[in-house]
Structures are given as C-alpha cells and as structure tokens.
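Computed from a predicted model, the values in this text were never measured in an experiment.
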4 protein chains.
Amino acid sequence: MQDNNNRWILAAQCPSRLGTVDVVTRFLKEQRCYITEQHSFDDRLNGGFFIRTEFRPEADGFDADAFEAGFAERAAEFAMRFELTPPGRRMPVVIMVSKADHCLNDLLYRYRVGQLPIDIRAIVSNHPDLAPLAEWHDLPYHHFPITPETKLEQEAQVARVIEETGAELVILARYMQVLSSGMCERLSGRAINIHHSLLPGFKGAKPYHQAYDKGVKLVGATAHYINDDLDEGPIITQGVEPVGHTDYPEDLVAKGRDIECLTLARAVALHVERRVFLHARRTVVFDR
Amino acid sequence: MQDNNNRWILAAQCPSRLGTVDVVTRFLKEQRCYITEQHSFDDRLNGGFFIRTEFRPEADGFDADAFEAGFAERAAEFAMRFELTPPGRRMPVVIMVSKADHCLNDLLYRYRVGQLPIDIRAIVSNHPDLAPLAEWHDLPYHHFPITPETKLEQEAQVARVIEETGAELVILARYMQVLSSGMCERLSGRAINIHHSLLPGFKGAKPYHQAYDKGVKLVGATAHYINDDLDEGPIITQGVEPVGHTDYPEDLVAKGRDIECLTLARAVALHVERRVFLHARRTVVFDR
Amino acid sequence: MQDNNNRWILAAQCPSRLGTVDVVTRFLKEQRCYITEQHSFDDRLNGGFFIRTEFRPEADGFDADAFEAGFAERAAEFAMRFELTPPGRRMPVVIMVSKADHCLNDLLYRYRVGQLPIDIRAIVSNHPDLAPLAEWHDLPYHHFPITPETKLEQEAQVARVIEETGAELVILARYMQVLSSGMCERLSGRAINIHHSLLPGFKGAKPYHQAYDKGVKLVGATAHYINDDLDEGPIITQGVEPVGHTDYPEDLVAKGRDIECLTLARAVALHVERRVFLHARRTVVFDR
Amino acid sequence: MQDNNNRWILAAQCPSRLGTVDVVTRFLKEQRCYITEQHSFDDRLNGGFFIRTEFRPEADGFDADAFEAGFAERAAEFAMRFELTPPGRRMPVVIMVSKADHCLNDLLYRYRVGQLPIDIRAIVSNHPDLAPLAEWHDLPYHHFPITPETKLEQEAQVARVIEETGAELVILARYMQVLSSGMCERLSGRAINIHHSLLPGFKGAKPYHQAYDKGVKLVGATAHYINDDLDEGPIITQGVEPVGHTDYPEDLVAKGRDIECLTLARAVALHVERRVFLHARRTVVFDR
C-alpha cells in the first residue's frame, strides 16, 4: 500500500560479485531517484544476489524507457536481470478454479476494493459452478471441461486465454487438476498454487483427511510456484491454524478455508509487489 | 495452575455407551464432590468416550481409597479405566538427554519454580556433558554411554533407573538415540519425545537441514508419545515459528530451540495434568 | 460444524452449588440422550456455574417441548437458566453496517456457503453504499440515515426492524455510530460489535491512527458485546497481527481488515453455537 | 547467527536527502566490502532515513579505524550518525532484576550458550534473592537495597556499576522499581525494559490482574526503551498469548512468563545486532 502515487519498484538479481548494490544505488542517485525502501541479500550457500528498491523520482518528467535503457547497460556487466514497475501498475492475471469458491471469492473482494494490485483478465474453470460469482464482478468466465482424454486440448484452451489476455500471472485458486509437464514448464515462475497442507507434509489428494488420520495438532496451507514435480514447487509463504480432537475431517476442511484464502492472497501480493525472487528450488522473499 | 490446594482430578475413558457421563457425575455428587471444571468427548469416527473432571470434596475427610473402590464398581459396568489424582501431586519422571541442553534447562527451570507438577527422580544421558546442570539442581545424573553393540545393555540400565525411581513418565528432551522396539513397547504411553519438525514433515535426522533444503517458510516442533515407528507416535502438541531466506540451517537450529522448549514443556504439562488421552494412533487433549 | 443432523445443544448457567452438573447429566440420561461433548466451569472468583452439552437423542421421537418442560422443573431448584438449541437451527440476525464492507462481505460469504448457522433477516445501514452487496445476496437492506438530531428516531427504526424480523442477535459489522444508552440496554447480551483495536488499548475513534502514533508492533481487533460504556463491553474474542515501521496508518487500516473479519466471524460462530456465557463484565467461552 | 566470522555491521541514520544510500554503498564498494544484507527505509511521515548493512571485507587487512575515519568524512555531508560493529562483538551489558527470576534465567541461558552476543558485566538487584543464580554463572551480583528515601543514592550506585563496567546497554529484566527522571535521561536509548502487558493497555502495576479484571482474551508483553514517561517509551517488540476464562490472575502470571522471556530476549537481540533505530517516540526495526 503506502503512497503508491509515485512509488517505482526496481527488482533485480544476478550472480554474487563486488559492486552489485553499488551499481543499482549509484544509478538511482545519478537519475535523481530517492530510495524510500531497499532490501538486498546475498545467498552465501546457494550463491546469488537479490535486490528490491522502492524509489521516487525527484525530478519532473521521469522517463522510464530511458531509465531502463540506461540501467540495462550497467546491469549487463553484472549479468543482472531486472524489472522496473511503475506506480499503481496492476499486473494482468488469470485465475483458475474448479468448484470450491472461497479463494476466488477472497481474491475478488480484494481486487474489487483495490487491496491487490492485479487486473483480473479472466477466470478459467473446468466446471461451470462459479460463473455467477464472476458475472457479479463483471469478469469473463471460461468453462473448459476436462477429461483424461482431453487434458492437453483443454490446457491449450487455457494457454490461449492466458496468451490473449496478456496475463503475466496465473493464480490456481483451488484448481483441482494436475497440470501437464508441458503446461508447468510454460507457466514456470508465473503460476502460483495454493495447497491445503503444510508442505512437505500431506502432498497430493485430500490433505485434510490425511491430517486427520495422522492426528496432527496444526493444519496449514502452502502457496508455491508450480513446477513439474507435484506439490514440490518453490514455496512463497505458508499459514497455519491449530486444530484438535473435536475437529473431524469436514471441520478441518472448513477451518482450513480461512488460512488458504489468507495464504494465497498474501503470496499473490508478495509476487505482484515484486517481493519474491526465484532461485533454484527456493525463494527469496523481501517481506514488509 | 489455579487453586491446587484442594483440586482433585478424575480422568477416565471407555467405549461409547449411554450413561458414561452420568456414571461419573452422579457418583461425584453422591460423594459430595463439587465439580469445578469438566470436559467430555465422544469420538464419533474412531469410537471411544473420554472425560476429565476437576473437583473439590465438600465434606471433610475425603477418603481417596474409598472413593476409588466405590467408583471402580460403577466404572466396571462401562469397562471404564480411570485415574484419580490428588491435589498437588507431582508425577515422578526421568529425563533423558544427550548433549543439547536447551530442553533440559527449560524443564529444570519450570521444575525449580514449581511451574510443572513433576518430581524429577533422575536424569539419564548417553553423554557426560550435562552433568553440571543436573548437579546445580541437586539431581542424580546417570551417564550410560551407548554404542550399536551395547544398545540393549544400555537400555537395560536406563530401564532399571526408571523402575527403581518409580518414574511414571519418561521425557526424551532431545535424546538423540533411537530406542529399540522392546524399549518403545515398555514405555508405551508414558514416554514423550520432542521432534524438531512439524511432523509428518521431516522425519528422522537433521530436520532443520531438511527444512532448509526444502525452503519452507515455517519450522516447528512436535511433542509425541513414542512408539515403535520412528517419529510416528501419537502427537500431543505442535509449535511453529516463521522463518525466511536469511535463515541458514544453523539459524533454524538456533531459532527452533525456543519452540522445542515450549512445545515439550506444554506436552509434559498436559500429560501430568491428565489432559491427554491416548486412543489408537491419536490423542484427545482437553486443553485449558 | 460436525455431524449437525442430530446434534442438540443444551447451555445453562446458575449460581454455584453442589449437584449442578448432575442435574443436567442425570436428566439427559433419563431422556436417553447421549452426550457427545460437554464442558462445565465454575468461576471460583466471581461465582457462577456454566455448562454446555451437545447430545444426540438415542430414542426415536425426541420431544423438545417435553424435554424443556421436564428439565425446567429440575433446573428451577438450582435457579438455572437454560436454552435448548435444535440441530441445524439458524439464529435470526440483523447486521448493521456503515460504509466499510469487509466484515459484511465476509459474513455474507460464510452465510452463503453455510459456514455460519445464521439466518440473516435484514441489513441496516446509515448509508446507502452497501445496498448492491445485499441485493446480490437477495437480502433486505434498510437505509436509515442518521444525524445527531435524528439519532433516537433512527434507532427506533432499527429497533422496529429487529423486532419485526425476530432477530435474536444484532451484529455491528463496522457500524460507525455510537448507540444510545437506551439502545444498548435494549440489545444487552445480544449485540456483538467489532472494534478495530486490542481493547482496552485505543478505544474510541481511529484506533489504527492511534496505534501508529504510539508505534506499537502488534495491532488487533476485539469482538465484544455492547454495553452502555463505549468499547467496554464484555470481550468474546480478540485477534492480532504483527506490524512494523513500514506500515503507515493506511497500511494498518488495510492490514487490519483481515483480522477484523476473522475475529467478528469467530465471535458470531461462538455466540450462535451457544459457546459464550455472559457473567458480570466478563465472558465464559467454551471454545472447541 | 549466520557466518559471524567476518560479518561487519554498519548502521546509520540521518535526515532524508537524495544520495543517502549511495553514500554508504559507494564507500563500501570503494573499500572492497561485499554487502551480504542491507535494509534501508525512509520515513515519509516523520522524516528520517535509516540504513543497516552487513558486509564482508574482500581484501585482507581490513582497517576499521581507517574505515571509520574515511566514512565519517562522507557521512558528515549528510549529518549522518553511524556505528560500525566488528564480527563477533559482544555488547557489554548490565542486567537489573528484583525477585522474579524467569527473564534473568532465560537471558543467562542464551548468554551461556552463545545465542545472544552480549557480555554480561554485572547483575544489579534491589533484593538478594537471585545471587545464587548469578553465582552459578560466575557473574558479579550487586545487591543495592532501595527505599523511597534512598532511591537517588541507590541509583547512583547502579550508575557507578554501569559506568565502571563500561556497559552500553542496561536490561531491566523485571526490575520492579520506577527509575527517576534523572536515571531515565542518563540511560536514554540504552535501557530496555520488559512490561508484562500489551502496551498501551494495562500500564503500571499488576497488569495481569488488570487484564483479568477486564476479561481480555489475549495477554502479552512489551519490550521498550525506557523514558521519563512510565511505560510509554518507544516500543521495540511485543509478544502475545491467548488466555481464557479458566485463567485466574495467578495463571496469567504463570502463562505470561514465557512470552515475557521471549519478548525481552528478542528485543535484546534486535538491539545488539543493531537492528533498532530510535526516532522520536518510535522505532525502526530491521528484523530478519
């Protein structure tokens, strides 16, 4: 949140090397950009440097294209990848759902009141059930049914929506289908899933029933980037909730809804505010 | 703790059947015992009835033996097992440790200030390191070294201490040896272990290193009764702590210490206050 | 939640006296009602006995009226007030709001999916803003504007809606008007308010701005019964959220929304499931 | 934590002005210092810039004196105050206590196992009770009794110990005396107190009893710098714990001990790792 009117974000990562912070901060000063918040981290064990800077141009007429072109020259020397995000930018997203509506409902509320800087371009589902919810929010809803035989075909339909809408992020808000390897690869680093357990515990189907059988005293949810290895993608954030002997499996399902919503919304916020960096099988998260 | 001066505890369990609560509460009334707190639960899925009652005898000269004998007759009809605990009773315990001292230090502090109603009869270790800590608290310390060859022999030494001290509970406060099947069976339902992960995630050795490798955003600890299946015994309670990308494995180890101490101490308190009921592979916990 | 199909609730309170539990449990057994969950508590400092029982009639043709009449006779001896709640009963409620919609939206979602056993009879507001939300959920929305001069008049309108709809509970879901003494008295014990601070800290207006000025590191929300003393009514439950130096007042407002929703929804669930007992200026809450 | 062997910390603050980050990072690069972690923040509402940098000199023979002298020249232009902390430095502290020993015991444990980079130079108390604990840890213990008449005299004794031991931080680990204005001023910014409530709720004496009377459902602890206004000093961190109707005042006292210990230890760690910046009546905390 904060004063978004003139808050730019520069997020960058590169191999570790002397001068990585300096190349960013010196350029910003030269461009008369005032840094309001900055985090940097160097991963001593896995290698890799990560930086996120919020800044406010002090001079009038800040030229983003010129900034990017100028910084690209400096960054090249460090093999630094970077992304500049203008104030108030809303990231285009597509949301995928099945029948459960709690995460979708929660995302739509945050979207509607402007709490999440996203621009929902479409909602895609393998079921027709949540169309009315999309309709009330005036959002396009695509019902693409799926069977084992038509999986790749259906995924091609989904991919087309993602491409045509220019979505930069796909949110799997309790989409209950396993994506194919090809789809996972295509969406690598830009698809966030919510799994209803504290991974790596209770992977796969019916995690609350698994949790009940095991008799755990905490249940939780994990938001992670998808990859080809089911429920094994890099974790962004996790939430947790105490449970007890009076909670039967259906109670765990009910209790878990809140923590799923909060965890997914939090992960999406972290991602769209450029606070998350993917690095091998892990994430660096510059949380507030 | 509350007013322990005259607070008796009656804990019981039996198969589900009409009248299970009544048989307890009617007897208490007949004995002129005033119930100050009561919980009961019937497990619809796994079967089984559980009840815990705190009461205060209203008449002078409460006779515990007569009470037990009288109630045993009534309970028999329901195949009800029960336990009566007098006010201020301190359960005799043996604590087992290896080299890490944080859980032991924490238990000894709570013991010393009277926060845990336990009577520590002995501390047993496969290493000599923590003897000075025991000594400062005036507690007997037994150093029984162990090798793969002498495991059963060493366990026999431990068993002898448990037996001779009359310990009713064994607390494995970061004891880093896997107990044999025989020992597990012998201690069934009366040995609590602290495992430094959110089970079922990260069983076995070096769970914090496993957690680091996986990149989780929450670590935790699990207090459970031991059984023959390593790190699979019935869970009593679990604690959790957020972590991030700046936490290297050694940081997780350091951060985890607090939550291990709190989780183990909490499990011991629940057990000695007769709040925990074992039922198949799960627990019923009447928490405050 | 649980198996609601045949779960009755008996909640009762009375002055402390030997036999208070027995009078309940014995009657239930006589009526062939199986107790699935029970909590009782005797308040040693403030006096007072409280009991909540969930039970399942074992015989066919359970007659609630006969049960109530029969139990009333027994209860009279103990000056015991009680309430019997049939399975699946949805408590009639009226929700009061102003302009902020997050708590209302959250309650409506839980209502729609059946997560809260309430029957929303009307939504009342001093502003027209939230009418569309009510409309989408097919709920009557009453816009009763208020000025300092028309306060009592407006409250009479509100009171009429409450009465005509048979509402047993009024939920103040961020209703930003102070109720008059008369209205507070009329709604005593049946109106729950959500205040956006950890009471007793930051009473009154703009608590998040007060929290920012004070530089606290935790903000929270408090759900309480209203009484004549502003923000001083008996507390049902409280929620909390960490904050930091990067959180400006508007960030606290945004961050606080989630915890307000969760805390209010939790308080309403506790109330309608008959888990809350009012006793002087405090509550006894038999949480799950 | 982390690889402390060669981790230097540079912490600085100054009025907001273009180039504040650059002046730090450029100098570090020139000195061939590799930044492993950095946070900066500019306080838009209250003014003020804050930066904390962890770095590792890449060249052999890093000269701290030369570094400080060189940086002082650059910093002067920005009216920047800064502090350079060498790897493994243990801050000299004096701990003040009364009779309650839980916070002291906790700090001593962390100190003994090297979890807190502090060097405890002395323990000061207005009571003799905790001398044995100090003795077991081989630490000097000064018993300075206090009466209303001898307060200033006693404080002079305390001040002498602080001065003679070179303590840079005074930890009030449940020291139950209100310090005089003079003493507060003398210790401004370098004395941390733990108050056993969620400030600003329940200031002053017996906060747990106040909390019980109010019927709150959460209790907590607040670690703050002391100032002349009792329990109003800038807050560093706060901890919280759920409570319920079964918790009588003495239970709150017992339950609160853990959260007091954790909150105070956490505040001390944040302070000695130079993560806390004082700014008017608030703190900026660059937490991990």
Side-chain angles (χ1 to χ4, degrees), chain B residues 1-8 10 12 14-59 62 74 77-78 241-242 244 275 277 284-288, chain C residues 1-8 10 12 14-59 62 74 77-78 241-242 244 275 277 284-288:
Chain B
M1 303 302 135
Q2 306 179 16
D3 176 18
N4 284 317
N5 300 325
N6 199 18
R7 187 188 61 157
W8 293 73
L10 178 65
C14 66
S16 305
R17 185 180 142 196
L18 186 67
T20 44
V21 178
D22 178 67
V23 75
V24 172
T25 53
R26 188 183 300 212
F27 186 77
L28 284 165
K29 193 201 163 191
E30 289 171 9
Q31 303 293 314
R32 300 192 53 76
C33 294
Y34 188 71
I35 297 172
T36 52
E37 205 177 328
Q38 179 168 289
H39 296 81
S40 80
F41 176 66
D42 181 82
D43 189 330
R44 161 165 64 83
L45 280 193
N46 307 289
F49 167 80
F50 312 88
I51 189 166
R52 180 184 183 277
T53 300
E54 295 188 7
F55 65 90
R56 184 181 65 229
E58 295 228 318
F62 177 75
R74 306 276 182 95
E77 192 191 333
F78 289 83
E241 181 80 11
R275 295 180 182 278
F277 297 77
V284 167
V285 181
F286 291 134
D287 206 347
R288 302 180 60 192
Chain C
M1 311 303 129
Q2 302 180 19
D3 175 19
N4 284 318
N5 300 324
N6 198 19
R7 188 188 62 157
W8 293 74
L10 179 66
C14 67
S16 305
R17 183 179 145 197
L18 186 66
T20 44
V21 179
D22 179 66
V23 75
V24 173
T25 54
R26 188 183 301 214
F27 186 77
L28 284 166
K29 193 201 163 191
E30 290 170 9
Q31 302 294 314
R32 299 193 55 74
C33 294
Y34 188 72
I35 297 172
T36 51
E37 205 177 325
Q38 179 168 291
H39 297 81
S40 80
F41 175 67
D42 181 83
D43 189 331
R44 162 165 64 82
L45 280 193
N46 307 290
F49 166 80
F50 311 89
I51 188 166
R52 180 184 184 277
T53 300
E54 294 186 8
F55 65 90
R56 185 181 64 229
E58 295 228 320
F62 176 76
R74 307 276 180 96
E77 192 191 333
F78 290 83
E241 181 82 9
R275 296 181 180 277
F277 297 77
V284 168
V285 181
F286 291 134
D287 206 346
R288 302 179 61 192

key: Ser16(C) versus chain B, the contacting section by heavy-atom distance below 4.5 Å   = both

task = Starting at CD of Gln38(C), measure out to CD of Gln38(B) and round the result to the nearest 0.5 Å.
result = 5.0 Å

query = To the nearest 0.5 Å, what is the distance between NE2 (His39(B)) and CZ (Phe41(C))?
reply = 10.0 Å

note = side chain to side chain contact (heavy atoms under 4.5 Å, CB included) test vs Ile35(C) passes for just one of Asp22(B), Ile51(B), Val21(B), Asp42(B), namely Val21(B)

inquiry  = Within the 4.5 Å heavy-atom criterion, are Arg32(B) and Leu18(C) side-chain neighbours or not?
reply    = yes

message = Please rank Lys29(B), Arg17(B), Arg26(B) by heavy-atom pairs under 4.5 Å with chain C and give me the top one.
response = Arg26(B)

message = Does any backbone or side-chain atom of Arg52(C) lie under 4.5 Å from a heavy atom of chain B? Answer side chain, backbone, both or neither.
response = neither

